[in-house]
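Atoms within a ligand are numbered from 1 in the order they appear, just like the ligands themselves.
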Amino acid sequence: MYNKTMKFDLNRLVRENVKTLRPYSSARDEYISDGSEKIFLDANENPFNNGINRYPDPQQRSLKAVLATQKELNEDQILLGNGSDEVLDLIFRAFCEPKIDNVITMPPTYGMYGVLAAINNSVNREVLLVDGFVLDEKALFENIDGNTKIIFICSPNNPTGHSFPKEQIRNILDKFKGLVVIDEAYIDFSIQKGWLSELSDHKNLIITQTFSKAYGMAGIRLGCCYASSDIIAILNKIKPPYNVNELTQQRALQAVSNTASVAREVKMILAERGRLEMALKAMSFVRKIYPSDANFILIEVDDANKRYQQLLKKGIIVRNRSNQHLCRNTLRFTIGTPEENDSLINALTNLV
Ligand SMILES: *Cc1c(COP(=O)(O)O)cnc(C)c1O
């Protein structure tokens with residue numbers, strides 16, 4: 001799967017049933033409004049206008065038009081979903097033949113890749129990160145076989161907060177002839193530039209982003225997938241027709257038209273992260289503060305279960321990541337508002 005003579009062949013990666021599938025054609029797919037006054041009696045909707053009585057645009061064209069401009073892509077390189085979780089699930093369903101194909105993930109990382117592999121009955125080959133959360137390229141390539149369809153790289157990574165070196169990722173993109181999904185859920189917090197500008201150089205690259213983190217819209221459930229138009233066309237074939245609802249499309253459209261406010265909030269969150277880091281440095285039960293390229297901090301403490309329970313008693317809920325590989329006695333703190341961070345610092349300072 002990664003020898004130099006082999007070429008990337010998308011057709012070989014797609015599941016047979018997806019290749020031959022005739023997608024559902026919805027009423028709103030068949031007739032696309034040109035903006036002129038029409039009478040819509042095609043979709044069995046309630047005719048009385050309340051703003052949401054019509055089915056939403058299955059292709060979210062207004063939203064994609066803005067995103068395409070901002071991300072410097074074509075609209076046919078974008079697929080939107082009900083959170084990135086749906087997008088990731090669609091990728092599994094398009095490419096991983098149940099019981100036959102496998103994917104590679106690199107724990108400690110986002111737990112949904114493994115869950116989605118299980119749901120889709122595909123083997124999740126875990127190539128563990130090594131000390132310092134370093135990606136083990138040798139082990140990675142040893143684990144690839146003819147049925148390895150996807151490698152998931154989360155960068156910046158959750159729960160560690162670190163980003164992988166670009167050269168390492170580029171090497172994987174160049175050598176692996178399956179798909180590489182780079183999950184950029186936290187890219188807006190990162191000092192690294194993301195991979196969007198390199199999409200045209202790598203036919204096997206899929207980038208996912210989300211409105212749940214920097215955009216502050218976890219409640220609307222909107223995830224983005226950026227890839228070649230060929231990959232997007234395959235995912236489009238299998239997506240539920242109305243997977244992004246009208247209210248979500250409207251709110252997202254407002255948000256993408258106001259990027260200044262997102263940038264302002266990201267700046268504040270990063271400043272707060274620095275402040276929390278400084279405060280943590282002075283605490284005796286904190287063993288290690290992992291450098292973060294995201295909107296959370298992973299720390300190692302003396303006794304994570306004890307500290308977790310103590311914070312819980314004070315009404316502060318953090319994430320105990322101690323069960324994860326290389327994460328013994330770690331807690332993950334999301335950066336909150338300045339007031340929330342004050343409360344956290346205050347609570348931590350008074351722990352005995
Ligand atoms: C939070 C997060 C997401 C976002 O998922 P949504 O379904 O879009 O809310 C995706 N990937 C990672 C690694 C995350 O931590």
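- Between Asp76 and Lys64 no salt bridge is recorded (no basic side-chain N to carboxylate O distance below 4.0 Å).
- Looking at Asn158 against ligand 1, only its side chain comes within 4.0 Å, counting heavy atoms.
- When each of Asn143, Leu140, Val103 is paired with Arg125, the side chain to side chain contact (heavy atoms under 4.5 Å, CB included) condition holds for Asn143 and for no other.
- With ligand atoms numbered from 1 in the order given, ligand 1 contributes 5 (O), 7 (O) to contacts under 4.0 Å with heavy atoms of Asp85.
- With respect to atom 11 (N) of ligand 1, the closest heavy atom belonging to the protein is Asp183 OD2, 2.7 Å.
- Every atom of ligand 1 is numbered from 1 in the order shown, and the set under 4.0 Å from a heavy atom of Ala185 is 2 (C), 3 (C), 10 (C), 11 (N), 12 (C), 14 (C).
- Less than 6.0 angstrom separates the ring centroid of Tyr186 from the ring centroid of Phe296.
- Of the protein's heavy atoms, Arg221 NH2, 2.6 Å lies nearest to atom 7 (O) of ligand 1.
- With 3.5 Å as the limit, one finds no donor-acceptor pair spanning the side chains of Glu97 and Asn147.
- For atom 1 (C) of ligand 1, the nearest protein heavy atom (residue, atom name, distance) is Lys213 NZ, 1.2 Å.
- Within ligand 1, counting atoms from 1 as listed, the ones closer than 4.0 Å to a heavy atom of Gly83 are 7 (O), 8 (O).
- No hydrogens or angles considered: nothing links the side chains of Gln249 and Gln60 as a donor-acceptor pair under 3.5 Å.
- Nearest protein heavy-atom neighbour of atom 4 (C) of ligand 1: Ser84 OG, 3.4 Å.
- Interface of Cys154 with ligand 1, defined as ligand atoms under 4.0 Å from a residue heavy atom, comprises 13 (C).
- Among protein heavy atoms, atom 15 (O) of ligand 1 sits closest to Tyr186 OH, 2.6 Å.
- For atom 9 (O) of ligand 1, the closest non-hydrogen atom on the protein side is Ser212 OG, 2.6 Å.
- Relative ring orientation between His202 and Trp195 is described as perpendicular, the plane-to-plane angle rising above 60° on a 0-90° scale split at 30° and 60°.
- Heavy-atom separations between Ala218 and ligand 1 are all 4.0 Å or longer.
- Side-chain polar atoms of Thr248 and Asn245 form a donor-acceptor pair below 3.5 angstrom.
- Using a 30° and 60° split on the angle between ring planes, Tyr110 and Tyr113 fall in the perpendicular class, above 60°.
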